J.: 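Structure in structure tokens, see below.
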Amino acid sequence: MPLDTILQVALDGISVGAIYALVGLGFVLTYKSAEVINFALGDLLMFACFVGWTLSVPLGLPLWLALILAIAATGLMGGLINHTVMERIVGQPQFAQVLLTIGISFVLRGGVFLIWGVDQRTLDSLVPDRSLGFLGLSIRTGHLQILVVTLALVAALYLFFRRTRAGLAMTAVAENQLAAYLMAIPVRRYISLVWVMSAAVAGAAGLMLAPMLLVDINLWTVVIKGLIVAVIGGFHSIPGALLGGLLIGQIEQFSGVFLDSELSELCVYATFFVLLALFPRGLMGAGQMKRV
């Protein structure tokens with residue numbers, strides 16, 4: 001394969017992996033602070049796309065405003081889910097919380113189906129989609145936008161958890177909720193905030209993905225790759241989510257060039273199981289392991 005083709009495929013893998021990294025980042029946020037694996041993230045991502053389309057197309061709002069409001073609405077939906085449902089089972093086994101998030105995902109999917117139906121819709125990208133030439137490679141502005149937004153969010157969240165009092169408090173809540181409560185940390189407030197943040201991140205991922213894959217009820221399936229990314233990177237590691245996303249993006253793109261699409265998916269899952277066997281805590285995971 002010519003070198004320029006290899007570089008082009010690698011570039012495409014970076015842009016695809018950045019989307020997976022954002023979804024994985026949503027998993028990391030809820031687990032890092034509330035120790036909950038939120039399987040409803042994919043449906044929150046899909047919800048954001050339909051809300052963004054509604055605000056932009058039927059209601060005619062400027063695209064940038066529609067996207068901001070859609071991300072805000074998705075964040076509020078995440079906070080509402082935590083306040084009305086998840087807070088009621090605080091202290092229960094993690095398995096019960098996982099099953100509850102799966103149930104919430106079905107409720108969200110059903111609600112989207114009842115309101116918007118199953119028809120596919122188109123949503124424009126905030127940046128006009130065109131190709132930019134660079135060193136003989138073709139870089140699409142939409143892919144460049146995804147990469148820039150992903151890097152900015154990862155950097156901002158990493159600094160937030162490392163450098164701010166709120167971020168350190170969220171980390172303390174994840175380590176031991178009772179000890180954090182005894183240290184006068186408002187545990188419920190911070191857990192609610194992290195649900196808002198993770199849902200908003202998933203919404204941002206969906207709104208960047210929608211111009212490429214259309215606004216479709218099946219967009220929730222991207223949560224599978226996001227979960228793989230979170231596990232590979234280490235559930236407590238924000239940079240690990242970025243690393244896992246870029247790795248899965250490269251494997252998916254290169255295997256898609258050399259193999260059939262079905263075998264490409266098989267390569268992704270095979271890589272996941274191999275890495276999980278070699279690095280049970282993830283590539284950048286740390287701390288004690290917990291049985292869920």
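In this text, all values refer to a predicted model and were calculated from it rather than measured experimentally.
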J.: Using only atom types and a distance under 3.5 Å, with no angle test, would you say the side chain of R188 pairs donor to acceptor with the backbone of P186?
T.: no

J.: For a quick test of reading the model, state the closest non-hydrogen atom pair linking G79 to V196 and the distance between them.
T.: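 Where G79 meets V196 most closely, the heavy atoms are CA-CG2, 3.7 Å.
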
J.: Please examine the side chains of T122 and L214, heavy atoms only from C-beta on, and report whether any two atoms are closer than 4.5 Å.
T.: yes

J.: On a heavy-atom basis, which atom in L67 and which in L207 lie closest, and how many Å separate them?
T.: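 Closest pair (atom of L67, atom of L207, distance): O-CD1, 3.7 Å.
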
J.: Could you give the distance from CD1 (I146) to CE (M212), rounded to the nearest 0.5 Å?
T.: 3.5 Å

J.: Is any side-chain heavy atom of T30 closer than 4.5 Å to a side-chain heavy atom of I37?
T.: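 T30 does not reach I37 side chain to side chain.
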
J.: Please report the C-alpha distance between L193 and M170 in whole Å, then the side-chain angles of each, then the deciding distance to 0.1 Å, and finally whether the side-chain contact (heavy atoms from CB on, under 4.5 Å) criterion is met.
T.: CA-CA 9 Å; L193 177 59; M170 288 181 180; 3.1 Å; yes

J.: Give the cluster check for L168 versus I238: same hydrophobic cluster or not, with ILVMFWY residues linked at side-chain heavy-atom distances below 4.5 Å.
T.: no

J.: At what distance, to the nearest 0.5 angstrom, does CZ of F160 lie from CE of M197?
T.: 4.5 Å

J.: Tell me the closest heavy-atom pair linking L123 and A210, and the distance in Å.
T.: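 Looking at all heavy atoms of both residues, the closest pair is CD2-CB, 4.1 Å.
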
J.: I need the L76 CG to I81 CD1 distance, nearest 0.5 Å.
T.: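 The CG atom of L76 sits 11.0 Å away from the CD1 atom of I81.
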
J.: Return the minimal non-hydrogen interatomic distance between F27 and L227, and the atom names on each side.
T.: CE1-N, 3.5 Å

J.: Side chain of Q250, backbone of A10: donor and acceptor closer than 3.5 Å?
T.: yes

J.: Say you draw a straight line from CG of L159 to OG1 of T164; how long is it, rounded to the nearest 0.5 Å?
T.: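 It comes to 9.0 Å.
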
J.: Does F106 share a hydrophobic cluster with V112, counting links as ILVMFWY side-chain heavy atoms below 4.5 Å and allowing steps through other members?
T.: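 Result: yes, single cluster for both.
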
J.: Are L247 and L275 close enough that some pair of their side-chain heavy atoms sits under 4.5 Å apart?
T.: yes

J.: If you look at every heavy atom in L80 and T84, which pair is closest and at what distance?
T.: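 That closest heavy-atom pairing would be O-OG1, 2.6 Å.
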
J.: My understanding is that only residues two or more places apart in sequence, or in another chain, count here; which of them pass side-chain contact (heavy atoms from CB on, under 4.5 Å) with N218?
T.: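 Counting only residues at least two positions away or on another chain, N218 forms a side-chain contact (heavy atoms from CB on, under 4.5 Å) with D216, W220.
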
J.: Compare all side-chain heavy atoms of I115 with those of T54 and state whether any distance is below 4.5 angstrom.
T.: no

J.: Please determine whether the number of non-hydrogen atoms from other residues, nucleotides or ligands lying under 6.0 Å from atom OH of Y269 exceeds 12.
T.: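 Counting neighbours around OH of Y269, more than 12 heavy atoms of other residues, nucleotides or ligands fall under 6.0 Å, so yes.
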
J.: Roughly how far apart are L276 CG and I232 CD1, rounded to 0.5 Å?
T.: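 Reported value, rounded in 0.5 Å steps: 8.5 Å.
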
J.: Does some side-chain heavy atom of V51 sit less than 4.5 Å from a side-chain heavy atom of T74?
T.: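 No, every pair of side-chain atoms sits at 4.5 Å or beyond.
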
J.: Less than 4.5 Å apart, side chain to side chain, heavy atoms only: is that true for I191 and V36?
T.: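 Counting from C-beta outward, I191 and V36 never come under 4.5 Å.
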
J.: Minimum heavy-atom separation for Q145 to S125, with atom names?
T.: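 Answer, listing the atom of Q145 first, then S125: NE2-OG, 3.4 Å.
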
J.: Treating T271 as the side-chain partner and C267 as the backbone partner, does any N or O pair qualify as donor plus acceptor under 3.5 Å?
T.: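 Flag set: sc T271 to bb C267 pair under 3.5 Å.
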
J.: Return each pair, listed once, that meets salt bridge (charged side-chain N to carboxylate O under 4.0 Å, His left out) where at least one residue sits in residues 11-30; pairs must be two or more places apart or across chains.
T.: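 Those involving residues 11-30 do not exist here.
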
J.: Does the side chain of V23 reach to within under 4.5 Å of the side chain of V229, using non-hydrogen atoms?
T.: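 No - every pair of side-chain heavy atoms lies 4.5 Å or more apart.
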
J.: Evaluate the side-chain contact (heavy atoms from CB on, under 4.5 Å) criterion for residues T101 and M86: first the C-alpha distance (whole Å), next the side-chain angles of each, then the deciding distance (0.1 Å), finally the verdict.
T.: CA-CA 8 Å; T101 61; M86 299 304 297; 4.0 Å; yes

J.: Step by step, would you call T150 with Y20 a side-chain contact (heavy atoms from CB on, under 4.5 Å)?
T.: CA-CA 10 Å; T150 301; Y20 297 154; over 6 Å; no

J.: Under 4.5 Å between side-chain heavy atoms, hopping through other hydrophobics if needed: is there a path connecting W195 to V107?
T.: no

J.: Taking the side chain as C-beta and beyond, is there a heavy-atom pair between V268 and F272 under 4.5 Å?
T.: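 When only atoms from C-beta onward are counted, F272 and V268 do not touch, as no gap falls below 4.5 Å.
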
J.: Can you tell me how far CG of L99 sits from CZ of F39, rounded to the nearest 0.5 angstrom?
T.: 9.5 Å

J.: Are F47 and F113 connected in a single hydrophobic cluster, I mean Ile/Leu/Val/Met/Phe/Trp/Tyr linked by side-chain heavy atoms less than 4.5 Å apart?
T.: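 Yes, F113 and F47 fall within the same hydrophobic cluster.
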
J.: For W53, what residues pass the side-chain hydrogen bond (donor to acceptor under 3.5 Å, both in side chains) criterion, not counting sequence neighbours?
T.: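 W53 satisfies side-chain hydrogen bond (donor to acceptor under 3.5 Å, both in side chains) with no other residue.
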
J.: Between M208 and V149, does a side-chain contact (heavy atoms from CB on, under 4.5 Å) hold up when you go through it step by step?
T.: CA-CA 9 Å; M208 288 189 295; V149 171; 3.7 Å; yes

